[in-house]
Amino acid sequence: MENNPRRKRGPWIDITLISSIIALIAVIVFFAIITDDFKFQKTSASEKESSSDLTEEDSAFPGVRIATDISNDKEMPFALQYPLTNFDSFNEAVTTYIQLSKERYINAMRLQNNANPKAPLPGELNISFETYQYDEHYYSFVFTKNTSLNSTDYDTSIETFFLNNETGEMLDIRTLLNKDLKSLETFAAHIRSEIMKKPELQGLVSQEQLTAATEPKWRLFKRFALKDDSLIIYFDKGEIADGSAGIPVVKVSLSFINPLLASEFQIQMAAEETTIPHAGDATKKRVALTFDDGPHPKVTKQILSLLEKYNAKATFFMLGSRVQYYPDIVKEIQAKEHEIGNHTWNHPVLPNLTSKQVLHEYKTTEKAITNILGVAPTLFRPPYGATNERIKELIPIPSVNWTIDTLDWKHRDATKLLPIIQNNMHNNAIILMHDIHQSTADGLEEILIYLQNTGYEFVTVSEILPYN
């Protein structure tokens, strides 16, 4: 009988083999679980971040759609509304603001809840906005953001965007104030003064913070809106006053700061009395050219050169807020024998002011002109021609408006000045123009030639008044 050459396997080999198989299975199962768990966690986190409901709809404002992003997550809910337009640059700026706000809120909530996983506190983020339309083409979007990380304490902040809805250009306060640092200085001082007057802020304002927040620096006035006939400036909670004061808001009438504004944002208001009656000696042709709201360092000098070229006299109704910055031009106007009148300090609507405020506007301007020339002006012109019996009684010198409005403040078109004068011209006319608009200076020579060729003598307002 033949012997089997295979040896009998020892039991320790079987035990080793079985142990290896079990270990291998355990490793496979472990990695499978970890991988699945990772995939589950990743998917859950992703789903959590993308669980918001984003919608978009048209609004009542032409060219503006409303986007709404809402998440009902119990721990970190949010509700966000924001505008979208036909302009990519604006949409990108707004969505960047929204996305950053959302990311900061979610990250802050995660850090807080990770630090206290057993008792997470629910938070809330809410962003809403208001839209103000100005002069058809401009939109102010004012965002209010309320953030809470514990469902009780809320932080509120304001963000604004100002859009030209015709061109898609986003504008800032520099555009409104014509990029003029002198205008910014006057504006900043006025905002500071208005804040100190607000009764709801009495005792809450920090003078040091207020001074720092209202320095004449463009970046400090980045939150603003145009609403109706007002410019609104916003400050953050705690920026200039105690947090209990909330969001400080300053509303300034555009009529009050009209001389500081760029031409496209200046307004013209209807007045109770915008002209004076015209009559008088028809045997001699006279005309009084008047220029309001100056002096201007470039435009006024160009107008003076043209008047000298055609041997024409004129009357300049000046703003005290501009006189102080251009004393040499004021002296030049006097040296060339033109007439200078008082047009208030800041160009407000006088009937809207108290008697004390009216006198302040008049007296500060009178003093500024007198300090430069040594003599006080003898004529007064109320801004916008707006006056009444109370104003006339308060102002001690004659108040004079006009008989022909060239609408140079409205059209900003040199070619439209002469046709308006031609269509309305009469003897002893007082013509209204403004020496702050380049288009007025550019169209003046045509006017001078026409009036000279038709036999009119150029006189000052004081010289023409006896004939009106």
Side-chain angles (χ1 to χ4, degrees), residues 61 64 80-83 93-94 97-98 101 125-135 138-148 153-163 170-177 183-258 260-262 265 267 346 348-349 352-354 357:
F61 294 92
V64 178
L80 319 173
Q81 279 196 330
Y82 53 96
V94 169
Y97 161 69
I98 294 293
S101 299
L125 172 65
N126 183 284
I127 299 179
S128 60
F129 75 97
E130 292 183 275
T131 305
Y132 305 126
Q133 187 171 10
Y134 178 78
D135 196 26
Y138 298 100
Y139 285 138
S140 295
F141 298 101
V142 181
F143 291 80
T144 302
K145 178 169 69 174
N146 290 299
T147 310
S148 172
D153 297 326
Y154 283 86
D155 180 57
T156 303
S157 63
I158 298 291
E159 185 71 28
T160 66
F161 294 87
F162 189 63
L163 174 71
M170 288 187 291
L171 309 173
D172 59 20
I173 197 71
R174 285 175 294 186
T175 306
L176 264 67
L177 297 181
S183 293
L184 176 62
E185 289 173 3
T186 303
F187 178 75
H190 179 65
I191 294 296
R192 189 181 309 123
S193 173
E194 289 299 298
I195 289 171
M196 295 304 297
K197 293 177 185 176
K198 293 177 78 68
E200 67 270 25
L201 295 179
Q202 295 302 308
L204 299 175
V205 175
S206 163
Q207 190 61 52
E208 184 179 349
Q209 287 179 287
L210 176 61
T211 301
T214 56
E215 288 185 68
K217 297 178 180 178
W218 298 115
R219 59 179 175 80
L220 295 178
F221 298 93
K222 62 181 180 180
R223 294 180 297 270
F224 71 91
L226 287 182
K227 182 182 180 183
D228 300 325
D229 290 327
S230 297
L231 172 60
I232 304 172
I233 299 294
Y234 302 87
F235 294 91
D236 272 342
K237 185 177 179 180
E239 184 178 3
I240 62 172
D242 185 86
S244 61
I247 300 289
V249 176
V250 182
K251 182 184 288 189
V252 183
S253 170
L254 290 179
S255 64
F256 193 81
I257 59 170
N258 214 44
L260 307 179
L261 299 173
F265 298 105
I267 62 173
N346 275 321
V349 182
N352 293 345
L353 303 184
T354 66
Q357 290 171 324

Taking the side chain as everything from C-beta on, heavy atoms only, tell me whether [X] gets closer than 4.5 Å to [Y].
| X | Y | value |
| --- | --- | --- |
| Ile173 | Leu231 | yes |
| Ile127 | Phe129 | no |
| Ile232 | Val250 | no |
| Ile233 | Val252 | no |
| Tyr138 | Leu171 | yes |

How long is the gap from [atom1] on [X] to [atom2] on [Y], to the nearest 0.5 Å?
| X | Y | atom1 | atom2 | value |
| --- | --- | --- | --- | --- |
| Ser230 | Lys227 | OG | NZ | 8.5 Å |
| Asn146 | Ser128 | CG | OG | 7.0 Å |
| Ile191 | Ile257 | CD1 | CD1 | 7.5 Å |
| Leu260 | Leu184 | CG | CG | 9.5 Å |
| Glu159 | Asp236 | CD | CG | 8.5 Å |
| Leu226 | Gln133 | CG | CD | 12.0 Å |

message: If you apply the rule side-chain contact (heavy atoms from CB on, under 4.5 Å), what do you find for Leu254 with Tyr134, and how did you get there?
response: CA-CA 12 Å; Leu254 290 179; Tyr134 178 78; 3.5 Å; yes
query: With Lys237, which residues qualify under side chain to side chain donor-acceptor pair (under 3.5 Å), at least two apart?
result: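 Residues passing side chain to side chain donor-acceptor pair (under 3.5 Å) with Lys237: none at all.
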field: Minimum heavy-atom distance Ala245-Leu201, with the two atoms named
entry: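 So the two residues come closest at CB-CD2, 3.7 Å.
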- request: Determine the minimum heavy-atom distance between Pro83 and Val94, stating which atoms define it.
  value: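 Closest approach of Pro83 to Val94, heavy atoms only: O-CG1, 3.8 Å.
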- request: Among Tyr97, Tyr234, Tyr82, find the one that has a ring-ring contact (aromatic ring centres under 6.0 Å, His included) with Phe143.
  value: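 Exactly one pass, corresponding to Tyr97.
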query: Going through the checks in order, is the side-chain contact (heavy atoms from CB on, under 4.5 Å) test met by Tyr154 and Asn126?
result: CA-CA 10 Å; Tyr154 283 86; Asn126 183 284; over 6 Å; no
Derivation of the side-chain contact (heavy atoms from CB on, under 4.5 Å) call for Thr156 and Thr147: CA-CA 7 Å; Thr156 303; Thr147 310; over 6 Å; no
Give every donor-acceptor pair under 3.5 Å between a side-chain atom in residues 209-219 and any protein atom, sequence neighbours left out.
{"residue": "Gln209", "atom": "OE1", "partner": "Ser206", "partner atom": "OG", "Å": "3.3"}
{"residue": "Gln209", "atom": "NE2", "partner": "Gly238", "partner atom": "O", "Å": "3.1"}
{"residue": "Thr211", "atom": "OG1", "partner": "Gln207", "partner atom": "O", "Å": "2.9"}
{"residue": "Thr214", "atom": "OG1", "partner": "Arg192", "partner atom": "NE", "Å": "2.9"}
{"residue": "Thr214", "atom": "OG1", "partner": "Leu210", "partner atom": "O", "Å": "2.6"}

- prompt: Partners of Glu239 by salt bridge (charged side-chain N to carboxylate O under 4.0 Å, His left out), sequence neighbours excluded?
  reply: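 Per chain and number, Glu239 pairs via salt bridge (charged side-chain N to carboxylate O under 4.0 Å, His left out) with Arg223.
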- prompt: What pairs with Asp155 under salt bridge (charged side-chain N to carboxylate O under 4.0 Å, His left out), at least two apart in sequence or on another chain?
  reply: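 For Asp155, no residue satisfies salt bridge (charged side-chain N to carboxylate O under 4.0 Å, His left out) once neighbours in sequence are set aside.
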message: Check the orientation of Phe221 and Phe187. Use parallel for under 30°, tilted for 30 to 60°, and perpendicular for over 60°.
response: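 Perpendicular.
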query: Sequence neighbours excluded, which residues qualify as ring-ring contact (aromatic ring centres under 6.0 Å, His included) partners of Tyr139?
result: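 ring-ring contact (aromatic ring centres under 6.0 Å, His included) check on Tyr139 returns Phe61, Phe141.
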task: Please list, chain by chain and in numerical order, all residues satisfying ring-ring contact (aromatic ring centres under 6.0 Å, His included) with Phe224, sequence neighbours excluded.
output: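 Phe224 satisfies ring-ring contact (aromatic ring centres under 6.0 Å, His included) with Phe162 once adjacent residues are dropped.
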message: Donor-acceptor pair, distance only, cut-off 3.5 Å: does the side chain of Asp242 make one with the backbone of Ser244?
response: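 Yes, the answer is positive, given that a donor and an acceptor are paired below the 3.5 Å cut-off.
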query: Between Lys198 and Val249, is there a donor-acceptor pair closer than 3.5 Å when you use the side chain of the first and the backbone of the second?
result: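 Pair found, side chain donor or acceptor close to backbone of Val249.
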task: Give the C-alpha distance, both sets of side-chain angles, the deciding distance and a yes or no for side-chain contact (heavy atoms from CB on, under 4.5 Å) between Asn346 and His190.
output: CA-CA 10 Å; Asn346 275 321; His190 179 65; 5.5 Å; no
field: Atom CD of Glu200 with >12 non-hydrogen neighbours under 6.0 angstrom
entry: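 Yes - once you tally the heavy atoms of other residues, nucleotides and ligands closer than 6.0 Å, there are more than 12.
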